[in-house]
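Notes follow once the structure below has been shown.
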Amino acid sequence: MDTDGAPRLARRRRRPLEQATLLLLGAAALVSVLVTAGIVITLITEGAPFFADVNVMDFLTGSVWEPVNDTYGVLPLLSASLMIAGIAALVAVPLGLGSAIYLSEYAAEPVRRTIKPILELLAGMPTIVLGFFALDSITPALQSIGLIDENQIFSALSAGIVVGLLITPLISSLSEDAMRAVPRAMREGAYGVGATKRVVAGRIVLPAALSGVMAAIVLGVSRAVGETMAVTLAAGTQANLSANPTDPMQTITAYIVAISKGEAVRGSTQYQSIFAVGILLFVVTLIINLVAVRFVRRFRTVYH
Amino acid sequence: MATDAPSLPLGDAAEVRPLRKKRPRPADAAFHAAALGAVTITMGALVWLLGAILASGLGSLDWAFITDPVSTSAERAGFNSALRGSLVLMLITITVAIPIGFAAATYLEKFAALSRSQLEGNAYARQRRLHEMEAAGATGFGVTLKRLEVRASFLWARIGPPVNRAVEVNISNLAAVPSIIYGLLGLALFVSFVGLQKSLLSGGLTLAILVLPIIIIASREAIRAVPVSIEQGAMALGATRWQAVSRQTIPAAIPGMLTGTILAMSRAIGEAAPLIVVGGVAFGTQTPSINPTEANDTPLFAMPLQIFDWADRPQQDFLDLAASGIIVLLVVLVLMNAVAIFLRNKFSRRW
Amino acid sequence: MPDSMSDSPTTTTQVAAGTGDELVTTPTASAPKRPGGSHGVVFRATDLDFYYGKARALKDVNVEIHRHEITALIGPSGCGKSTFLRCLNRMNDLIPGTRVDGRIEFHDQDLYASDIDSVDVRRRIGMVFQKPNPFPKSIKENLNFGMKVNGIKPTAERIEAVLRKASLWDEVKDKLDQDAFALSGGQQQRLCIARAIAVEPEVILMDEPCSALDPISTLAIEDLMNELVTQYTIVIVTHNMQQAARVSHRTAFFTVAGMDQGERYGVLAEHGDTEKIFTAPADKRTQDYITGRFG
Ligand SMILES: Nc1ncnc2c1ncn2[C@@H]1O[C@H](COP(=O)(O)OP(=O)(O)OP(=O)(O)O)[C@@H](O)[C@H]1O
Ligand SMILES: [Mg+2]
């Protein structure tokens, strides 16, 4: 209070401690940018020397990957990654979409509330567990139906199936969210002209939720391309450019694991090669994720 | 109007048709069956998976499995080293990721959202005070500092909002980067560049970076769930913005932030790929120290790594050991999730 | 508006004249004349009770709805008008946990008999909702959808015919492939009406079809109803007393009851000729409600 009678408003005070705290908080937020920068910088600095030894075009278009012979054509690894992601999508899109339609259009609320967390258990499963499942159960099952040879352990098919199981809940959960976001009025409008549940789900809800569903699928595929442990265990460590899904194959991620398991000395071409293929993996998944972001953005604007 | 409309049989007929009886709709039934089938197959796969793990793993699961260190003989091999390793990893990860994650979430949710015009307003207020100082004839270091502050705040008004937006986009992109890429980052940054050992320390730091975006996203949601009115109430009592946020909003959001953190940790504890890249697959029979200060000298043991090592061997005995290890890992995961659910139910509040 | 609607209800006719829309207001002495034709009973509800889970929403509703007439359902908010309306085309079947007790007959057949196909019911008894709810597709596809699911061939002539019937043709004939969301609210609502008549229903149920619309669009839709009633039976829920008095032939007044037993459900207080309900209501609650609005 003032002494000369009339109460005066206090002047603005500086609060240096508070300012400093806010700066610290902002710095923490910047760490995430540093992480991205770190990823880009380390991939480039550690991977660039690789391209001093290996021609970029040979790397990108070569169809033989034999590090022991210094032959680095990345197509076998890339095609294995994409093929397994493709198989996973073939498994996960019908299962995930079917589950999403069931949960959002058919299941009674208590059923939905029980099933959804159970499906999410599968999504939270460490991928090493799915790798085990592939070796222990899926591969023998494929052998017993004659799809792969009796004494063949590794196959892209087995890996693709378990990765598909892994991304199914991701796809179903995100798609279901998108489908439930379709306003009830829109469904009722269709029921009101005599549409059946199938028609409402297939011709009204699914198209209205399409960009959300597409985003879910694209994110699932991105996850499948970057998936490591299940494919390392199930698809094998033999680089192999093949169109036959029952062959063993080595993905980009499995190659990184194979080199990391051994002792790759810093500065060796092998050490550099894991960063080189890392760049490729990063770019591929980044592109896929950007596509997903586009879909999500479209989905957000659909009802406004 | 309707007068010149082509005459079509619209409207009801003179005689009344009876209502149609229910009839089978094969296409609808098939569609329903397909949707139900998709759920059933997925759930069936989960049951199969759990059954297969229990069938192979229960046999070699006993107390000795938990207490024995790793060994080259399947008979004597235990999971103790892996458990210790994972414990230390989690300690390091939490210690690093929580402060950064919570701070970043608080900043992004509560302080980053200022628009350009608001920031410009702040800058002009600072400029006014500078002019007052100059008019009062002040000189020296204080005025120079103030002048810098004014410049900086005008600059921030221009670049702040896009920077904040970029940070946000960046975080959601980071959450979708494959985990093995984080391994490459950890290897290059902590091992090659900083010069740490291929150890629990470099592994834990790598996992901390891996979960950071997840923690930030979950914490922001928790903070957003606390109504702004609470903050305004505090400010109406004379608290500064920071006081209102730090003493009212954040404490109310803490249970949600912790729940998100536990879920992020349950992702981290099952990650094998980045750890392999950073530290290889440890072998040897020593018992890793659980003293975090020795983490840089302790080889990288972890549950998922041990499971991978066992599952990667051709002998059935080791595959069974892997299943036992998976059971232990899943039990730990279930416990962590139970804690998260407990926290959420205990402290969750309808605002 | 006159202060006593019951004395001189007003019908307002919209004349679409070239560029500008002129409004011609003609006061009439009584409610609309009933068009000719048979006046058979389309719906007969007998001792109808309705439950959302355990909560009763309607009790003991007994009412008849006549052919080629507009029946208005009025009453305070939450008294179950929409619920009743949605019982008439089995729309409530889609809400889990709902239950109908008592009987609703459609042309003397039990609408809720276990062997009746509810999809066919909804096709023959069309519905227009409170908020326009076009599908996020083109205008043409909005109309095609219902026809296709009902096996009607969506020809260009038919599309023109239904759009003309819904007084929308002139406004949209050049943009049939445009997104329906780009239409104004009133146009969207008329599109929803066109969508409903495109599948040749016998009855059109309308739940506050004008509540999201401006007065001009409201009048356009009222005119449309007057025209449609020569071919269809119309049931309309409205909060607008003038609207009920203007367009309907019969009025059913619902109100809330059961509060003294700690319950809250809707009952039918009174129904009959619109003119009578508005001029000489027999029920005290009707009188209060109507005079409360106009007194
Ligand atoms: N889907 C529902 N689930 C549970 N209760 C409902 C549901 N729809 C309506 N009710 C309840 O049933 C009662 C009647 O609702 P209804 O929508 O039929 O009233 P209304 O007369 O149409 O009211 P308004 O004039 O406000 O539209 C209300 O108490 C409402 O809360
Ligand atoms: Mg209503």
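Letters A, B, ... mirror the listed sequences (proteins, then strands); counts begin at 1. These numbers come from a predicted model, not from an experiment.
A pairwise comparison of heavy atoms in Gly189(A) and Phe129(C) identifies CA-CE1, 3.8 Å as the closest pair. In terms of heavy-atom proximity, Pro136(C) sits nearest to Met186(A) at CD-SD, 3.2 Å. Residues Arg203(A) and Val149(C) come closest through the heavy atom pair NH1-CG1, 3.8 Å. The heavy-atom pair separating Arg86(C) from Glu188(A) by the smallest distance is NH2-OE2, 2.8 Å.
Heavy-atom distances place both the backbone and the side chain of Val119(C) under 4.5 Å from chain A. Using a 4.5 Å cut-off between heavy atoms, Pro134(C) contacts chain A through its backbone alone, with no side-chain atom that close. Looking at Ile204(C), neither its backbone nor its side chain comes within 4.5 Å of chain A, counting heavy atoms on both sides. Neither the backbone nor the side chain of Arg90(C) comes within less than 4.5 Å of any heavy atom of chain A. Neither the backbone nor the side chain of Leu205(C) comes within less than 4.5 Å of any heavy atom of chain A. In this structure, no portion of Lys131(C) lies under 4.5 Å from any heavy atom of chain A.
Annotation: side chain of Leu94(C) is not in contact with side chain of Arg184(A) (no heavy-atom distance under 4.5 Å). Contact of the Tyr191(A) side chain with the Asn89(C) side chain is not registered, since no non-hydrogen atoms from C-beta on lie closer than 4.5 Å.
Going from atom CZ of Arg122(C) over to atom OG1 of Thr196(A) covers 9.5 Å, rounded to the nearest 0.5 Å.
In terms of heavy-atom pairs under 4.5 Å with chain C, the best-connected choice from Ala190(A), Ala108(A), Pro207(A) is Ala190(A).
Environment of CZ in Arg223(A): sparse, with no more than 12 heavy atoms of neighbouring residues, nucleotides or ligands closer than 6.0 Å.
A search for side chain to side chain donor-acceptor pair (under 3.5 Å) contacts involving Ser173(A) returns Glu120(A), not counting sequence neighbours.
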